[in-house]
Structure formats: C-alpha cells, structure tokens
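These notes are about the structure you will find just below.
Worth saying up front: this structure is predicted, and the values here are computed from it rather than measured. Proteins get letters first, then strands, A, B, ... in listed order; numbering begins at 1 in each.
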There are 2 protein chains.
Amino acid sequence: MSNTRVLPLLEPESDVAACCPPLDERPLSAREAESAARMFKALGDPVRLRLFSLVASHAGGEACVCDISDVGVSQPTVSHHLKKLKEAGLLSSERRGTWVYYRVEPSVLAAMGALLAGAAKTV
Amino acid sequence: MSNTRVLPLLEPESDVAACCPPLDERPLSAREAESAARMFKALGDPVRLRLFSLVASHAGGEACVCDISDVGVSQPTVSHHLKKLKEAGLLSSERRGTWVYYRVEPSVLAAMGALLAGAAKTV
DNA sequence: CACCTGCATCGATGGACGTCAACATAGACA
DNA sequence: TGTCTATGTTGACGTCCATCGATGCAGGTG
C-alpha cells in the first residue's frame, strides 16, 4: 500500500486528480465540469481507449511504444494520442535508452472512478 | 473460472451497458473500445457533464428540463446535449404533460464504473 | 564518424462537433 | 378553436480534432 501519493496539483491545467465530488452529490460547477470533462474526453476516442487499456493491462503496469502497433492507425497518430493521454494526466512517460515507456497514472483514474461510483449507485 | 461470458452485443448502437472488461484486464478490442468510448465521449463535454450531474443529483433521480437554465448555453443547445446523452444511453427521458423529465440510466454508469475500477487499482 | 531505429513533431486535410437563431411541435387552458 | 408555454429540430457557421506523410531528433551500433 502507501500508494496514495497525492500529486501537487498546482497547475490550473492539471487540477485533474482531485477535482470533483460524485456526480450525483450536487451539480458540478463550471470549473469542476471543465476539469473533469478533460479526463472523460481523453478516453472518449476509441484509439486512445485501446492505447490506454493496452498500457494498463500490460505486465508491470507499463508498456513500451514498441509493443503497440496493431491499433489500426499510423505511428504518428499513435504518438499523437499518447501525448493527449499524457496531457490529460492519464499516462506518464519515461525514456529508457532506445525506448519510451508509458504507465498509468493511478490517482487520476481513482478520481474518475469516484465520480462515477456515486452516480452508479443512483437507482 | 466463471469466465464471465459477456452479452451477445446485439445492437451495434446500444451495446453500451455491458460491453467491456476492466481496462487493466486485457487490451480492449476495437469493437469494445468503440462502444466504451461512446460513453466517455458523451461525458467529455463540460456542458454535458454539468447537465448529467444536474440530473443525477436532483431529488428523485430525475429532473425536468425546466429546472435547467443556468448552464451558460441557450435552450436549443441544452436540448441538443440532452439528446446526445440520451443517444449514449446515459439518460432516458419521459414526457409528462407539459414537461419532459430526464433520469440517469444506472446500468451504463455501472459499466463505466467497472471499467475504471479495475484501472484505478493499477498501482 | 556514419548509419539505422524508435519516437516525436510539423503541416495539411477532411470530417466531426458545439453553438445559435429561426422554426416546428406538443400539451395546457380559455 | 386559438393562444401561450415548454421542448425538440433544422440549418448554418466557426472551431476543434483525428489522421496522414514528411521530417526531425535522440540513442544505439558499427
């Protein structure tokens, strides 16, 4: 455990992780919605969702770009989408020698899960 | 065991509720990603997210369109976004007399929560 | 040094999307 | 019937976005 490392969250661009209450608790403010929508939007593209799932499900929690080649789009497009996922705070990247490795950013995922967990209980 | 046989995925338009395994279980197929991305995409707009949160947090789990007027966009735009949320399977609507009421579709939310719950555990 | 490979960036293009005003439709009421 | 109110629909417009080929850059290998 001890995995709950809280991000600094200083930049207004990436106030992404601890932004919002459960969706059914109260109406989101414009600011909250803006920040949360960025995360959902990042996963709102089929290619990005496959890329993200590919990284998330890969052994060790990280994947090299070289492992990704069968998503049906060109290499520049893959790079473009990985960048988008990184900008949304969902992935982080690290270059090790020749290859670049991407890994899932757990805190942001937890935030999205919290948003939905509330609304899912709404029956 | 209990290999969680998934649904037949009948309608290509609304295979939305029980589409996908947790994001970190295995790479999503193109079909799965397509279906799941539709849901995320629907929440990927700030206005739609506010509308959805507004309905989800409203008393009784439903809200009349007349309750919604302060999202910062015109009425036709509100109607447009509500339609999008409905097409994505996140909301359902019902006309009762003069007013139209929208409510949250719980199964779809549960599906999205399941997708993320898996990936959130990924540390 | 030169050469090759893995990945990012650039510039262009076609399509999708958010937004609005104008109009259409449906129900309530007189 | 007619009129008013509440929503949905249409058409248009501007912007964003996914995609690609070409190119650039970094790191390994000879």
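- The side-chain hydrogen bond (donor to acceptor under 3.5 Å, both in side chains) search around B/E34 returns none, not counting sequence neighbours.
- Distances shown here put a side-chain N or O of A/K83 below 4.0 Å from the OP1 or OP2 atom of C/dT9.
- Note: CD (B/E87) to C1' (D/dT9) measures 12 Å, nearest angstrom.
- One atom, CD of A/E94, and another, P of C/dC7, lie 14 Å apart when rounded to the nearest Å.
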message: Across nucleotides 19-30 of chain D, 5' to 3', mark each nucleotide with B, S or - according to how protein heavy atoms within less than 4.0 Å reach it.
response: BBBB----SS--
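- For B/S92 and B/E105, the side-chain atoms include at least one donor-acceptor pair closer than 3.5 Å.
- For B/W99, a side-chain nitrogen or oxygen approaches OP1 or OP2 of D/dT7 to under 4.0 Å.
- Put simply, CG on A/D67 is 14 Å from C1' on C/dC7, counting in whole angstrom units.
- Judged as a side-chain hydrogen bond (donor to acceptor under 3.5 Å, both in side chains), and not counting sequence neighbours, A/S79 has no contacts.
- Within the 4.0 Å cut-off from OP1 or OP2 of C/dC17, at least one side-chain nitrogen or oxygen of B/K41 is found.
- Between A/Y101 atom OH and C/dA8 atom P the separation is 13 Å, expressed in whole Å.
- Atom CG in A/L51 sits about 13 Å away from atom P in C/dC7, given to the nearest Å.
- Residue contacts for A/Y102: at a heavy-atom cut-off of 4.0 Å it reaches the sugar-phosphate backbone alone, with no base atom in range.
- DNA chain D is contacted by both A/K84 and B/V78; B/V78 maps to the nucleotide lying nearer its 5′ end (nearest heavy atom per residue).
- Between the CG atom of A/L91 and the P atom of C/dC7 there is a distance of 15 Å, rounded to whole Å.
- The distance from the NZ atom of A/K41 to the CG atom of B/D45 is 7.5 Å, given to the nearest 0.5 Å.
- With sequence neighbours left out, the side-chain hydrogen bond (donor to acceptor under 3.5 Å, both in side chains) criterion links A/T98 to no other residue.
- Applying the salt bridge (charged side-chain N to carboxylate O under 4.0 Å, His left out) test to B/R95 and every residue at least two apart in sequence or in another chain returns nothing.
- With sequence neighbours left out, the side chain to side chain contact (heavy atoms under 4.5 Å, CB included) criterion links B/E62 to B/R96, B/Y101, B/R103.
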